Amino acid sequence: MAEHYCDYLYKHLPAFRLVIPKDGPMPPATTADDWQLVRNRSASQLSVDGRDQVDSEGYAIIRVNVTLGELLSL
């Protein structure tokens with residue numbers, strides 16, 4: 001498990017965030033130019049499920065600001 005993680009905003013679709021270990025590589029098929037760093041956080045500030053996903057896959061993609069209507073239509 002990493003001690004610190006970085007959250008990045010996807011510049012093309014700001015509702016999506018990328019979480020990677022601090023100093024970790026960007027996922028394949030994307031570059032740092034596509035993302036804007038929005039915060040660094042300690043492992044304790046990330047959910048257990050989020051940490052597990054990042055630690056096993058190398059990253060997690062999170063969608064933020066979803067309306068209840070959007071959620072119910074899934």
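Everything numeric in this text was worked out from a predicted model, so none of it was measured.
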Value rounded to 0.5 Å, distance of NE2 in His4 from CG in Asp23:
10.5 Å
Thr31 OG1 to Met26 CE distance, which is reported to the nearest 0.5 Å
8.0 Å
For a quick test of reading the model, state the closest non-hydrogen atom pair linking [X] to [Y] and the distance between them.
X: Trp35; Y: Phe16; answer: CZ3-O, 4.2 Å
X: Val54; Y: Pro21; answer: CG1-CD, 3.4 Å
X: Gly58; Y: Ile20; answer: O-CG2, 3.7 Å

Check for a donor-acceptor pair, side chain of [X] on one end and backbone N or O of [Y] on the other, with a separation under 3.5 Å.
X: Gln53; Y: Gly50; value: no
X: Arg51; Y: Ala43; value: yes
X: Lys22; Y: Glu3; value: no

Test item: Gln36 and Leu9 side chains (from C-beta on) under 4.5 Å apart, heavy atoms:
yes
Check for me, please, whether [X] and [Y] land in the same ILVMFWY cluster - side-chain distances under 4.5 Å, paths through other members count.
X: Ile61; Y: Tyr8; value: yes
X: Tyr10; Y: Ile62; value: no
X: Val64; Y: Leu71; value: no

Whether over 12 other heavy atoms sit under 6.0 Å from Tyr59 OH
no
By salt bridge (charged side-chain N to carboxylate O under 4.0 Å, His left out) - contacts of Glu57 (at least two apart)
none
Does this structure show an ion pair linking Arg17 with Asp7, if we count only N-O contacts that are shorter than 4.0 Å?
no
Is there a side chain to side chain donor-acceptor pair (under 3.5 Å) between Ser73 and Glu70? Walk through the geometry before answering.
CA-CA 5 Å; Ser73 70; Glu70 288 175 299; over 6 Å; no
Exactly one of Leu18, Val19, Leu37, Val38 clears side-chain contact (heavy atoms from CB on, under 4.5 Å) with Cys6, and that residue is Leu37
